[in-house]
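Residues: numbered from 1 along the sequence shown. Model, not experiment: these values are computed from the prediction.
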Amino acid sequence: LKSKVWNNIFQSWRQVGPPARPSADDLKNYQQQINALKIKNPSVLILGATPELRDICYKNKCKTVVADINLGAILAMVNLMHYPNDKEILIRSDWLNLPLAENYFDIILADASQNSLEINDYPKFLKVIKKLIKPKGIFLNRVMLKHSGWRKKTIKEIYQQAVYQNKKVNFHELRFELQFATHDIQRQKIYANRYFQTCFPALKKLNRINLLPKKELVAFQNTYKNSKMVWTWPEQRQWEKLLNKYFKHITIQLAGDHS
């Protein structure tokens, strides 16, 4: 994407909070697993441009490689880092064809990276991770899943619930409820343009009755109005089955500071 586009996304992303971005609790979970590895100056691969993960690597004195198909994203997100790191190695590559040495990394970090891929590509994605990571290395990944018992709500239900509570909504969590409401169950996908077109009228209503700040409405519009992004949302059992096929599945940790 052109740098101007990524600058607009960065300006909107600055206003985004958990769970779209890692929360304080999420970051504690990452740090806990890094500590447990007990390796000084570990070699780390970050899939994507997530500034919070890059800050963690800086604080842990990691030898860091950052890989993403959009170099503009990697460069733009530097503006959201607390510790810009000029020693990062930046690689423009898709995650299914990373030109990196096998068995090299102690840690591979990701923040919902697989949600940007086609579900049919999940096995190849995990094969690549397994190939790049050392035999005793760890893959730490925050993932967005549909848990068992998940039920698709309608936009109307979500709107009415917000009105009934009659207090300013937590927009960061509301976004995810709305994404699920526009979820294409058969394809297990969410299309950003459909998400915007379907949800924006309800968000405008919430703004008019003072339950949603104008800045949140504007940020939503700037981020998704013309977006071509597509996300996949697998079921929890589906994702765990794949993980267990390629890795020793050590632990599942949930954040306690967001739903």
Side-chain angles (χ1 to χ4, degrees), residues 19-23 25-71 73-74 77-78 81 83 85 87-145 231-232 234 236 238-255:
R21 292 173 64 177
S23 69
D25 228 23
D26 289 320
L27 297 175
K28 285 180 184 177
N29 290 339
Y30 279 111
Q31 186 62 60
Q32 182 182 8
Q33 295 301 321
I34 292 171
N35 291 344
L37 198 58
K38 296 180 180 179
I39 294 179
K40 186 177 181 180
N41 309 126
S43 298
V44 179
L45 170 63
I46 301 176
L47 303 178
T50 306
E52 292 86 353
L53 298 187
R54 295 161 76 179
D55 281 339
I56 281 181
C57 288
Y58 178 86
K59 288 188 286 185
N60 286 275
K61 299 180 180 179
C62 303
K63 292 172 283 188
T64 307
V65 176
V66 182
D68 197 274
I69 191 64
N70 288 304
L71 186 60
I74 297 176
M77 291 302 166
V78 170
M81 294 168 63
Y83 310 102
N85 183 2
K87 294 183 180 180
E88 287 181 332
I89 297 173
L90 311 181
I91 295 179
R92 184 185 183 278
S93 174
D94 75 81
W95 301 321
L96 302 179
N97 298 285
L98 289 162
L100 298 168
E102 294 184 17
N103 301 320
Y104 179 80
F105 294 99
D106 298 299
I107 304 169
I108 296 182
L109 297 178
D111 187 59
S113 297
Q114 81 296 326
N115 293 102
S116 301
L117 301 174
E118 295 285 342
I119 285 182
N120 289 341
D121 286 329
Y122 284 6
K124 185 176 181 181
F125 172 70
L126 294 175
K127 284 180 184 177
V128 170
I129 300 302
K130 186 173 182 179
K131 182 178 74 171
L132 298 178
I133 207 164
K134 292 179 180 178
K136 293 186 179 181
I138 54 174
F139 173 41
L140 302 178
N141 181 33
R142 194 172 72 105
V143 57
M144 310 299 177
L145 301 168
W231 307 286
T232 52
Q236 183 174 342
Q238 179 184 18
W239 177 245
E240 289 180 7
K241 184 178 179 180
L242 272 174
L243 278 182
N244 287 320
K245 184 177 179 180
Y246 296 98
F247 303 99
K248 181 181 178 182
H249 197 185
I250 298 173
T251 184
I252 297 173
Q253 292 179 291
L254 301 177

Between W95 and A67, is there a donor-acceptor pair closer than 3.5 Å when you use the side chain of the first and the backbone of the second? yes

Are more than 12 heavy atoms, taken from residues, nucleotides or ligands other than Y104, located less than 6.0 Å from that residue's OH atom? no

Who are the ring pair (Phe, Tyr, Trp, His ring centres under 6.0 Å) partners of F125, not counting sequence neighbours? none

How about K87 and T64: do any of their side-chain heavy atoms sit closer than 4.5 Å? no

Nearest atoms (heavy-atom pairs only) where F139 meets I133: N-CD1, 3.7 Å

Set out, in order, the CA-CA distance, both residues' side-chain angles and the distance that settles side-chain contact (heavy atoms from CB on, under 4.5 Å) for L140 and I108, then state yes or no. CA-CA 6 Å; L140 302 178; I108 296 182; over 6 Å; no

Are the side chain of D106 and the backbone N or O of G137 linked by a donor-acceptor pair below 3.5 Å? no

Do you know the tightest heavy-atom contact between A49 and A73? CB-O, 3.6 Å

Atom pair CD (Q114) and OH (Y122), whose distance is rounded to the nearest 0.5 Å: 5.0 Å

Quick check: do P123 and Y246 have side-chain heavy atoms less than 4.5 Å from each other? yes

Side chain R142, main chain S113, donor-acceptor under 3.5 Å: no

Looking at side-chain heavy atoms only, is the closest gap between P51 and R21 below 4.5 Å? yes

Note: I74 and R54 closest approach over all heavy atoms is O-NH1, 2.9 Å

For T50 and M81, run side-chain contact (heavy atoms from CB on, under 4.5 Å): C-alpha distance rounded to whole Å, both residues' side-chain angles, the deciding distance at 0.1 Å, then the answer. CA-CA 9 Å; T50 306; M81 294 168 63; over 6 Å; no

Under a 4.5 Å cut-off applied to non-hydrogen side-chain atoms, are I46 and D68 in contact? no

Which residue in the set V65, I129, V128 passes side chain to side chain contact (heavy atoms under 4.5 Å, CB included) when paired with L47? I129

Using only atom types and a distance under 3.5 Å, with no angle test, would you say the side chain of D121 pairs donor to acceptor with the backbone of L117? no

Non-hydrogen atoms of A112 and M144 that approach each other most closely: CB-CG, 4.2 Å

Validation row: C62, N41 side chains within 4.5 angstrom (heavy atoms): no

Taking the side chain as every heavy atom from C-beta outward, state whether K241 and K245 have any atom pair closer than 4.5 Å. no

Residues, nucleotides or ligands: over 12 heavy atoms within 6.0 Å of Y58 OH: no

Does either side chain, that of N244 or that of E240, offer a donor lying less than 3.5 Å from an acceptor on the other one? no

Taking the side chain as every heavy atom from C-beta outward, state whether I91 and L71 have any atom pair closer than 4.5 Å. no

Could you state the interatomic distance from CG (L53) to CG (L109), rounded to the nearest 0.5 Å? 5.5 Å

When rounded to the nearest 0.5 angstrom, what is the spacing between CD1 in I138 and CZ in F247? 11.5 Å

Distance from D94 atom CG to S116 atom OG, nearest 0.5 Å? 12.0 Å

Atom CD of E102 and atom NZ of K134: how far apart are they, to the nearest 0.5 Å? 14.0 Å

Can you name the nearest heavy-atom pair linking N115 to P234, along with the distance? ND2-CD, 3.9 Å

Within this structure, what is the CG-CG distance for the pair L132 and N103, rounded to the nearest 0.5 Å? 8.5 Å

Is the side chain of D55 donor-acceptor paired with the backbone N or O of Y83 at a distance under 3.5 Å, no angle test? yes

Any side-chain heavy-atom pair from E52 and D26 closer than 4.5 angstrom? no

